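One structure is given here, and the rest of the page talks about it.
Not measured: the values here are computed from a predicted model. Side chains included, hydrogens not; waters and symmetry mates left out as well; all remaining heavy atoms used. Just so we're on the same page: letters track the sequence lines, and every chain starts at 1.
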Amino acid sequence: MAEEADTVSSLMSEDKVGKPLVVILVGAPGSGKSTFCNDVISAARRTWIRICQDTIANGKAGTKGQCLQSAISALQEGKNVLIDRCNLELEQRSEFVKLGGARADVHAVVLDLPARVCISRLVKRTGHEGNLQGGKAAAVVNRMLQKKALPKLNEGFSRIMFCQNDDDIKAAVNAYKFLGLFDSLPSGVFGQRSADAKVQQGIMKFLKKVDTYGNDFQNSAAKLEYDSQDLAVKNEYKEINPCAMVIEKGNGVGQDELDNDLLQKPCVSDFQWNDVPTLAFPSISTSDFQFNMDKASDVIVEAVADFFSKVDKAKLILVDLSPKSKMLSLVKVKASKKNVNTYRFSTYAGDITRLYTGGGLHCNVIANASNWRLKPGGGGVNTAIFSAGGKALEIATKEQADTISPGSSIIVPVPTISPLYQREGVTHVIHVLGPNMNPQRPNCLKDDYVKGCKVLSEAYSSLFNNFASIALSGDSKAESSKSVGMFFESVVETQPAISEQKSKREVSIGYDSNKKSKCNEDLGSLSQSLGFLEEEEQKSERTDHSAKSSWGSWAHALHQVAMHPEKHNRDVIEISDDLVVINDLYPKAKKHILVLSRLPGLDCLADVRREHLPMLQKMHAAGLKWVEKFSSHDPALVFRLGYHSVPSMRQLHLHVISQDFDSTHLRKKKHWNSFNTPFFRDSIDVQEELKMNGLAAIEDEKLLSSELRCQHCKSAHPNIPRLKSHISTCKAPFPSHLQNGRLVFASSGSSEAVSDL
DNA sequence: GTTCTAGAAC
DNA sequence: GTTCTAGAAC
């Protein structure tokens, strides 16, 4: 019985318990954020956790990443989160806003107090610490407030509360303090002083404008007026186009009718479309490729939601020719169920090649449901777009690629002579190829909808990413330069498909060779099964490659020393036929030397093969000899010998470096991580791998930007100075994975592996 | 690899 | 205001 009751009550509570909340405080230093948090937490009915960047790292200042991580874990435990950092700028808070969605609702509480109040509090608080006194405090606060961007609902907040004085703050504290597990606060904007009026004005202006278009609009105008109170709360509607507003608010007045009547009038063009990049796209694969529409509409809505979570201020419009389109209605219903922002995503029934002249819609980018040969014909959208784009579009397409594979897309800038550009203002066409389910067309997937949905989803994300990259590049003529910076909430992969296409066509040219494509690029996978001739070709290409472009001009210094050590007396400490040993010009520790191989053509670890093992053994032995010498002078020194996975300078060199990392030259994250992540390949491991596999593993350069962690106790630190100050006092032993010959020190006159520290 | 510097963060 | 980092240039 008891068990049953438990089950019932847990079911009920699951149903009723609101989502956890993420409350993002927004305010200058001294605005009272911490006090707010403490006041809420001290008597709250829910469980709250305050996340403060100043104290997140064991009481010390930490990173934004640590705050995010901490917030994620708190949410997973069902706790409510208060983000206590300034968050005055959109970018500073955007990562935290993204915590919202299925797992949490995100609110903002804006402590919008006069600067002088913040300054005087700040001086009182920090004066005795000597950090931010008088004029300095004022400068900091004023500077920060200059950059202040008040939060808006369209950033992803479901509720925003503005506090301008202590009473407002008290009310906000109470709202959260008394919020029980089963309660929720209303959505919208509260306490904002002047914006509501502006929104109202904007709407009135719009209504007047609409009126001039005639009777068709009367109903919808009335409807808008009715809803305007609701709209006023959402300040995201400050700058919107009237049609989008109607779409959102037109429920119950015959949606389809409204859409078509309104959208097919050229009423929007002179209103507010100008600065928002807009992509119009047809449904991919559901026409001639016979993809199931129900499944396709799920994929579309999913892809759109995903896109909106990454990108700010861009609009998408799904277009189909027929007002009775099943796809349009399916997508509309599903988008609405999924709460997709209907201001940013809408549907349109009409000709995709006449969006402006036929519908007044200014879409700077349109997508084409293409065929794999990227050729005109075949009917449907493809024929229509190629025909509207003219010969110029066909040629421009050919310039980009010859073919396209299912699930990908390519961008084609529309030539200015094309009617699509001149008449419709379309600056780019993105050709997309979706999966084919039609047995009468090539590459039919039959009924494999697992694969089909995957490919269709890839097609849409490729399309949307490419659209994003157009706006990011500032290439879009529909987008003013000032909005470029505001466009992205986060980095979006750019043009993956186009470079893929290019590389298909230009395999031998090395499309990315101007990038940091070092010699390790493909050698790991360089096939041993290549024929002799091919291998020779590859070799010469590799040599060419590194000589030509992959090593920067500075990167040949070690090579010069290895080949002509006699010319570099100052740095060289040992010369033999095989090796040159030098002091590192910029030592990253008390003792830091390089053992250079003198073999020509052996530039980096990725070049090393089994036959080089004797050379590496000699280098290791030479390194050990120097360790012994150094240790005899300073027995406290402990060394590691190893190679960088991807060196910055050519000519294979072994680092022999003491583990104190006590050096003014160690200044960057990259410096630290190059010696303290798996990017550093211990010499003994490399030798072992050569014996076993014939080559050594190369670790990713991404490791160089990992967070900074102490090599002893593994604690994380926000920056190099903090890390350095920590390691100078950290008493923890070296981790066990270094304790099998990787760490060396001197003992009884000879260097030995450290067995126990 | 370093130096220089703009801009992020507080 | 200072501190710190990351990216560009070399």
With respect to the phosphate group of [N], does any side-chain polar atom (N or O) of [X] fall under 4.0 Å of OP1 or OP2?
| X | N | value |
| --- | --- | --- |
| Lys668(A) | dT3(B) | no |
| Gln53(A) | dC10(B) | yes |
| Arg667(A) | dT3(B) | yes |

Pair [X]-[Y], side-chain donor/acceptor within less than 3.5 Å:
| X | Y | value |
| --- | --- | --- |
| Ser73(A) | Gln69(A) | no |
| Tyr176(A) | His107(A) | yes |
| Ser576(A) | Asp578(A) | no |

Nucleotide nearest [X] (side chain, heavy atoms from C-beta), chosen from [options]:
| X | options | result |
| --- | --- | --- |
| Ile720(A) | dA6(C), dT2(B), dT5(C) | dT5(C) |
| Pro721(A) | dT3(B), dC10(B), dC4(C) | dC4(C) |
| His671(A) | dT5(C), dT2(B), dC10(B) | dT2(B) |
| Asn719(A) | dC4(C), dA9(B), dT3(B) | dC4(C) |

#### Entry: pi-stack flag for Trp554(A) and dT2(B), centroid dist under 5.5 Å, interplanar under 30°
no
What's the [atom1]-[atom2] distance between [X] and [N], to the nearest Å?
| X | N | atom1 | atom2 | value |
| --- | --- | --- | --- | --- |
| Leu666(A) | dT3(B) | CG | P | 14 Å |
| His717(A) | dT5(C) | NE2 | C1' | 18 Å |
| His556(A) | dT2(B) | NE2 | C1' | 16 Å |

### Task
Flag the pair His655(A) / Tyr643(A) as yes when their ring centroid distance falls below 6.0 Å, and as no otherwise.
no
### Message
For a quick check of understanding: with a heavy-atom distance under 4.0 Å over all strands, which category does Gln92(A) fall into, base, sugar-phosphate or nothing?
### Response
sugar-phosphate
